[in-house]
S.K.: 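This is the structure I want to talk about, given as structure tokens.
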Amino acid sequence: EDEARLTLLGVRSGLPGLAEPFVVLDIGGGSTELALARAGRLERAVSLRLGVVAFADRHRPDGRLDPAALGALREEVTARLQEQVPEAIAAAGAPCLVGTAGTVTTLAALHLGLAAYDADRVQGHMLTRAAIEDLLARLARLTHSERAVLPALEPGRADLILPGTVICLAAMARVGFDALTVSDRGLREGILCEILGAVR
């Protein structure tokens, strides 16, 4: 839970006007975290062994994903989220979902059509589930090499963006959000905020 608390701290530092309660979605290489913030503190967090690297290794999305393969991946992710995300988070009634880390910030950059990643433009960008579905359909039609040359897609993410996008969509559905606010700030910035706060 300490990692979730620090991520919330980082998110708040970049989105100071964020209404509470809110849920933070953090999709990582080895896990996916969901955290509920209420009244300035971490109320509940869950870390799921649902990371983009493991799915990329198993499903090898280095070519075009046909509808059957994509459907199977979505079904697996959806089932695991349904089983493992507690109702305390899924049914909290929070008005806002914030997405942080590489998958979400990359989707924002692609949605904005950035020629190069720009943290200032990504920060606070709103992504609807419909927009993410459109991006998933577009990305699934591309080969690994075609994805690798997309503007704003950092090296090494061409094989991770598909499972990451699937996890993002399934998580949004599980916690009942049709849109999320993108935060370029997260765990790293939360650690810095805590260190700076401690030395003042």
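Values below: all heavy atoms of this structure, side chains included; hydrogens, waters and symmetry mates excluded.
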S.K.: Taking atom CG of L150 and atom CG of L114, what is their separation to the nearest 0.5 Å?
M.R.: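 If we round to the nearest 0.5 Å, L150:CG and L114:CG are 12.5 Å apart.
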S.K.: Mind jotting down which residue pairs meet the salt bridge (charged side-chain N to carboxylate O under 4.0 Å, His left out) criterion with at least one end in residues 95-111? Sequence neighbours excluded, please.
M.R.: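 Listed by first then second residue: nothing to list.
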S.K.: If I compare all heavy atoms of P151 with all of L110, which pair ends up nearest, and what's the gap?
M.R.: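 Result for this residue pair: O-CD2, 3.6 Å.
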S.K.: Tell me, please, which residues at least two apart from E83 pass salt bridge (Lys or Arg N to Asp or Glu O under 4.0 Å).
M.R.: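 Salt bridge (Lys or Arg N to Asp or Glu O under 4.0 Å) list for E83, sorted by chain: empty.
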S.K.: What residue among V166, V104, L169 forms side chain to side chain contact (heavy atoms under 4.5 Å, CB included) with I132?
M.R.: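 Testing each of V166, V104, L169 against I132, the sole residue satisfying side chain to side chain contact (heavy atoms under 4.5 Å, CB included) is L169.
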S.K.: With a 4.5 Å heavy-atom cut-off, do V24 and L34 have their side chains touching?
M.R.: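 They are not in side-chain contact.
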S.K.: Tell me the closest heavy-atom pair linking R147 and L142, and the distance in Å.
M.R.: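 Where R147 meets L142 most closely, the heavy atoms are NH1-O, 2.7 Å.
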S.K.: Residues in side-chain hydrogen bond (donor to acceptor under 3.5 Å, both in side chains) with S47, at least two apart?
M.R.: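 Expected list: E33.
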S.K.: Could you list all the salt bridge (charged side-chain N to carboxylate O under 4.0 Å, His left out) pairs where at least one residue sits in residues 91-104, not counting sequence neighbours?
M.R.: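 Residue pairs with at least one partner in residues 91-104: there are none.
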S.K.: Ignoring hydrogens and geometry, is there a side-chain-to-backbone donor-acceptor pair from T32 to L50 under 3.5 Å?
M.R.: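 Such a contact is found between T32 side chain and L50 backbone.
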S.K.: Just jot down the side chain to side chain contact (heavy atoms under 4.5 Å, CB included) partners of A119, sequence neighbours excluded, or say none.
M.R.: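 Applying side chain to side chain contact (heavy atoms under 4.5 Å, CB included) to A119 gives Y117, D184.
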S.K.: Once rounded to the nearest 0.5 Å, what's the spacing between atom CG of L180 and atom SG of C168?
M.R.: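 Answer for the CG-SG pair, L180 versus C168, is 5.0 Å.
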S.K.: Does the distance from a Lys or Arg side-chain N to an Asp or Glu carboxylate O, for R174 and E87, drop under 4.0 Å?
M.R.: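 Between E87 and R174 there is a salt bridge, with a charged N closer than 4.0 Å to a carboxylate O.
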S.K.: Kindly state each residue pair satisfying side-chain hydrogen bond (donor to acceptor under 3.5 Å, both in side chains) with at least one member in residues 96-114, sequence neighbours excluded.
M.R.: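 Sorted result for residues 96-114: H111-H125.
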S.K.: When you look at T143 and E146, which way does the side chain to side chain contact (heavy atoms under 4.5 Å, CB included) test go after all the steps?
M.R.: CA-CA 5 Å; T143 64; E146 289 169 337; 3.2 Å; yes
S.K.: Give every residue pair that meets the ring pair (Phe, Tyr, Trp, His ring centres under 6.0 Å) criterion with at least one member in residues 12-31, sequence neighbours excluded.
M.R.: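 Passing the test, one end in residues 12-31: no pairs.
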S.K.: Could you tell me the separation between the CD atom of E75 and the CG atom of L70, rounded to the nearest 0.5 Å?
M.R.: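 The distance works out to 10.5 Å.
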S.K.: Suppose we screen for side chain to side chain contact (heavy atoms under 4.5 Å, CB included). Which residues come up paired with A137, at least two apart in sequence or across chains?
M.R.: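 Partners of A137 by the side chain to side chain contact (heavy atoms under 4.5 Å, CB included) criterion, ordered by chain and then number, come out as R141.
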S.K.: Check I167 against G51 and note the closest heavy-atom contact, atom names and distance.
M.R.: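 Heavy atoms of I167 and G51 come nearest at CD1-C, 4.3 Å.
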S.K.: The test is side chain to side chain contact (heavy atoms under 4.5 Å, CB included); show your working for L48 and V85 and say whether it passes.
M.R.: CA-CA 8 Å; L48 313 173; V85 175; 3.9 Å; yes
S.K.: Looking at T165 and I161, what are the two nearest heavy atoms and their distance?
M.R.: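 T165 and I161 have their closest heavy atoms at OG1-O, 2.6 Å.
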S.K.: Tell me which pairs pass salt bridge (charged side-chain N to carboxylate O under 4.0 Å, His left out) where either residue lies in residues 126-139, with sequence neighbours left out.
M.R.: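 Residue pairs passing salt bridge (charged side-chain N to carboxylate O under 4.0 Å, His left out), neighbours aside: R74-E133, R129-D178.
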S.K.: Quick one: do M126 and M172 end up in the same hydrophobic cluster if we chain Ile, Leu, Val, Met, Phe, Trp and Tyr together by side-chain heavy atoms under 4.5 Å apart?
M.R.: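 Looking at the clustering, M172 is in a separate group from M126.
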S.K.: Indicate yes or no: does E20 engage R12 in a salt bridge with an N to O separation below 4.0 Å.
M.R.: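 Between R12 and E20 there is a salt bridge, with a charged N closer than 4.0 Å to a carboxylate O.
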S.K.: According to side chain to side chain contact (heavy atoms under 4.5 Å, CB included), who are the partners of P21, at least two apart in sequence or on a separate chain?
M.R.: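 Here the qualifying residues are L36, R38, A94, P95.
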S.K.: With sequence neighbours excluded, tell me which residues meet side chain to side chain contact (heavy atoms under 4.5 Å, CB included) with A171.
M.R.: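 If we apply the side chain to side chain contact (heavy atoms under 4.5 Å, CB included) test to A171, skipping adjacent residues, the hits are L25, L81.
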S.K.: With rounding to the nearest 0.5 Å, note down the distance linking CD in Q123 to OG1 in T181.
M.R.: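 Between atom CD of Q123 and atom OG1 of T181 there are 9.5 Å.
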S.K.: When rounded to the nearest 0.5 angstrom, what is the spacing between CG in L136 and CG in L73?
M.R.: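 It is 8.5 Å, given to the nearest 0.5 Å.
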S.K.: How would you list all residue pairs meeting salt bridge (charged side-chain N to carboxylate O under 4.0 Å, His left out) that involve residues 91-105, not counting sequence neighbours?
M.R.: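 Counting only pairs at least two positions apart or across chains, no salt bridge (charged side-chain N to carboxylate O under 4.0 Å, His left out) contact touches residues 91-105.
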S.K.: Can you see which heavy atom on A35 is nearest to which on A4, and at what distance?
M.R.: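 Closest approach of A35 to A4: CB-CB, 4.2 Å.
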S.K.: Which atom names give the shortest non-hydrogen contact between A170 and V77, and what distance separates them?
M.R.: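 Taking A170 first and V77 second, the nearest heavy atoms are CB-CG1, 3.6 Å.
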S.K.: How about R49 and S31: does a side-chain donor come under 3.5 Å of a side-chain acceptor?
M.R.: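 Absent: no donor and acceptor within the cut-off.
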